[in-house]
Chemist: 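Sharing a structure here in structure tokens format.
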Amino acid sequence: MEAYKPKRGEAHLKASPKRIALGNWLREQRNAKGLTMRDMAAISGLPHSYFGKIEQGIRGLDILEFIELCGWLGIDYRSAINQINKLLL
């Protein structure tokens, strides 16, 4: 049996409601701190497009990335998970 290979450039562009909620939460938190995506890039060492893709719902995060993101924002990851969970209900 051949392994599944998604078509490049298609599957990851379909934003799910959960990714959109995560992106909206990130944008709100970043704006509340007065940070731009370029500021986040300078803090993290990642390209600003990384944050743009998350905020647009194109890219998700694994748990380790999420914890690191919360650290860059100065937010406790446990309370952040609770906030996002409330958005999804």
Chemist: Verify the cluster assignment for Ile67 and Leu73: are they in a single hydrophobic cluster under the rule of side-chain heavy atoms below 4.5 Å apart?
Modeler: yes
Chemist: Would you compute the distance between atom NZ of Lys53 and atom NE2 of His48 and round it to the nearest 0.5 angstrom?
Modeler: 10.0 Å
Chemist: Suppose we screen for side chain to side chain contact (heavy atoms under 4.5 Å, CB included). Which residues come up paired with Ile84, at least two apart in sequence or across chains?
Modeler: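 Partners of Ile84 under the side chain to side chain contact (heavy atoms under 4.5 Å, CB included) test: Leu22, Trp25, Phe66, Leu88.
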Chemist: Can you find a heavy atom in the side chain of Trp72 that is under 4.5 Å from one in the side chain of Leu46?
Modeler: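 A side-chain contact under 4.5 Å exists here.
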Chemist: Distance check, rounded to the nearest 0.5 Å: Asp76 atom CG versus Gln83 atom CD?
Modeler: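 Atom-to-atom, Asp76:CG and Gln83:CD are 9.5 Å apart.
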Chemist: Can you pull out every salt bridge (Lys or Arg N to Asp or Glu O under 4.0 Å) where at least one residue sits in residues 30-41? Sequence neighbours excluded, please.
Modeler: Arg30-Glu55
Chemist: Distance-only, no hydrogens or angles: does the Arg19 side chain make a donor-acceptor pair with backbone N or O of Ile54 under 3.5 Å?
Modeler: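 Here the side-chain-to-backbone pair does not exist.
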Chemist: Identify the two heavy atoms, one from Ala80 and one from Cys70, that lie closest to each other, and give their separation to 0.1 Å.
Modeler: CB-SG, 3.7 Å
Chemist: Looking at CG of Asp62 and CD of Glu68, how far apart are the two atoms once the value is rounded to the nearest 0.5 Å?
Modeler: 9.5 Å
Chemist: Backbone N or O of Ile81 within a donor-acceptor pair of the Asn85 side chain at under 3.5 Å?
Modeler: no
Chemist: To the nearest 0.5 Å, tell me how far Leu69 CG sits from Ile43 CD1.
Modeler: 10.5 Å
Chemist: Working to the nearest 0.5 angstrom, can you tell me the gap between Leu87 CG and Ile20 CD1?
Modeler: 12.5 Å
Chemist: Return the CZ to CE distance between Phe51 and Met37, rounded to the nearest 0.5 Å.
Modeler: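 Output value for this atom pair is 10.0 Å.
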Chemist: Name all residues meeting the side chain to side chain donor-acceptor pair (under 3.5 Å) criterion together with Glu65; count only those two or more places apart in sequence or in a different chain, and write none if there are none.
Modeler: Arg59
